[in-house]
Amino acid sequence: MTQTIAVSSQKGGVAKTTTCLSLGASLSEMGHFVLLVDLDPQAHLTLSIGLTPKELRRTVGDVLLGNNSLLSVSRESSVQGLDIVPANQRLVILEKVLQGRPDFQFQLKNGLQSLGDDFYDFILIDCPPSLGALTLNALTAANLLIIPVQCEYFAAHTLLNYRKLVEYMRKKTNPRLKYRVLVTMYDRRNKICQVTLEQMQRGLNRVLFETIIEVDTKLRESPTLGQPITLYAPTTRGAEQYRALAKELLNNGQ
Ligand SMILES: Nc1ncnc2c1ncn2[C@@H]1O[C@H](COP(=O)(O)OP(=O)(O)OP(=O)(O)O)[C@@H](O)[C@H]1O
Ligand SMILES: [Mg+2]
């Protein structure tokens, strides 16, 4: 059965896109079939895989409006087993159109359901850093939400807000939604990072992934070549840590 995962946080720049791409590439490297869905008008995931958003004629927006099937919009990437439904900036306007429609939160879920239950092993949805119609679609379609957080002073506040959002989504559109928290860009030499991590390990318990993604400049470089870290720098710490995350997800995903 397909596992559908939304990677979301209202906070910008916490490695949502990096996590989608690197986790997706790690899972496909292990032989799983993975679909990446770019739900962010910034289209960073689309760019990271080497596509040019403004040249695209069909995007995830066409699926959300019900104009195209998901399969007709998806394309294979240069990574074996890794497909993508791309995005571009038109999603900004589309989000406003979508909001006015009844049951707008279910559009992505409907699109994904048309694929059937075993076409992909994993679907990873990259959300924008906001809580509009696009993110609500992702949280309605997903069975698991991964919330990336940096170990900083605001982490607890961000997580509290997201916990409330999960409760809301469970009541309104998606009773099966579970969530897990992933520490990203961890700097082991930084005291605040160490203290915040210890607090999260105590307070979040099993919700927190054991795998921690540390700062690695190779992760910052890889999108410029349109390659995931598993291809760009396969032996670096960043690649190994995202592989460990994939293994942890496979062993005890939820
Ligand atoms: N572990 C890491 N080590 C170093 N740099 C990283 C790491 N993870 C992500 N980055 C870099 O940090 C920046 C933000 O990451 P990313 O774009 O994945 O965040 P995001 O949450 O998707 O941002 P946005 O909210 O704008 O969508 C990027 O330049 C990315 O390359
Ligand atoms: Mg992003």
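Counting convention: from 1, in listed order, for ligands and their atoms alike. Owing to the predicted nature of the structure, the values given are computational and were not obtained by experimental measurement.
For atom 31 (O) of ligand 1, the closest non-hydrogen atom of the protein is R220 CA, 3.3 Å. In this structure, the protein non-hydrogen atom closest to atom 30 (C) of ligand 1 is T18 OG1, 3.8 Å. Nearest protein heavy-atom neighbour of atom 20 (P) of ligand 1: K16 N, 3.5 Å. For atom 10 (N) of ligand 1, the closest non-hydrogen atom of the protein is M185 SD, 4.0 Å. Looking only at protein heavy atoms, the nearest one to atom 17 (O) of ligand 1 is T17 CB, 4.1 Å. Regarding atom 4 (C) of ligand 1, its nearest protein heavy-atom neighbour is D216 O, 3.2 Å. In terms of protein heavy atoms, atom 19 (O) of ligand 1 is closest to A15 N, 3.0 Å.
Other residues, nucleotides and ligands place more than 12 heavy atoms under 6.0 Å from the CG atom of D117. The local environment of CD in Q80 is sparse, with at most 12 non-hydrogen atoms from other residues, nucleotides or ligands closer than 6.0 Å. Counting heavy atoms of neighbouring residues, nucleotides and ligands inside a 6.0 Å radius, atom CD of Q201 exceeds 12 of them. Around the CZ atom of F33, the shell of radius 6.0 Å holds no more than 12 heavy atoms that belong to other residues, nucleotides or ligands.
The shortest N/O to N/O separation between P223 and ligand 1 does not fall below 3.5 Å. At under 3.5 Å, not a single nitrogen or oxygen of T217, backbone or side chain, sits near a nitrogen or oxygen of ligand 1. Considering backbone and side-chain atoms together, Q42 places an N or O closer than 3.5 Å to an N or O of ligand 1. Note: no N/O pair closer than 3.5 Å links G12 and ligand 1 by distance alone.
At least one heavy atom of D40 sits less than 4.0 Å from an atom of ligand 1. Using a non-hydrogen distance threshold of 4.0 Å, G13 registers as a contact of ligand 1. Using a 4.0 Å cutoff on heavy atoms, E214 counts as a contact of ligand 1.
Applying the 4.0 Å criterion to heavy atoms of I213 picks out, from ligand 1, the atoms 1 (N). Per-residue contacts place L219 under 4.0 angstrom from the following atoms of ligand 1 (heavy atoms of the residue considered): 1 (N), 2 (C), 31 (O). Close approach to V14 involves these atoms of ligand 1, each under 4.0 Å from a residue heavy atom: 19 (O), 20 (P), 21 (O). Numbered from 1 in the order shown, with element, the atoms of ligand 1 that lie under 4.0 Å from a heavy atom of P129 read 25 (O).
Using a cut-off of 4.0 Å between Lys/Arg side-chain N and Asp/Glu carboxylate O, E214 and R189 are scored as not salt-bridged. Taking 4.0 Å as the cut-off between side-chain N and carboxylate O, E240 and R237 do not count as a salt-bridged pair. A salt bridge links K11 to E152: at least one charged side-chain nitrogen sits closer than 4.0 Å to a carboxylate oxygen.
Side chain to side chain, Q105 and T173 fail the donor-acceptor criterion of an N or O pair below 3.5 Å.
Q113 contributes atom CD, which lies 10.5 Å from atom OG1 of T2 (distance to the nearest 0.5 angstrom).
With Y242 as the fixed residue, the side-chain hydrogen bond (donor to acceptor under 3.5 Å, both in side chains) test singles out one of T211, D216, T19: T19.
For residue T17, an N/O/S atom approaches the Mg ion (ligand 2) to within less than 2.8 Å.
Put simply, the side chain of D38 never gets that close to the backbone of P86: no donor and acceptor are under 3.5 Å apart. Under the 3.5 Å distance criterion, the side-chain polar atoms of N143 are matched with a main-chain donor or acceptor of T4.
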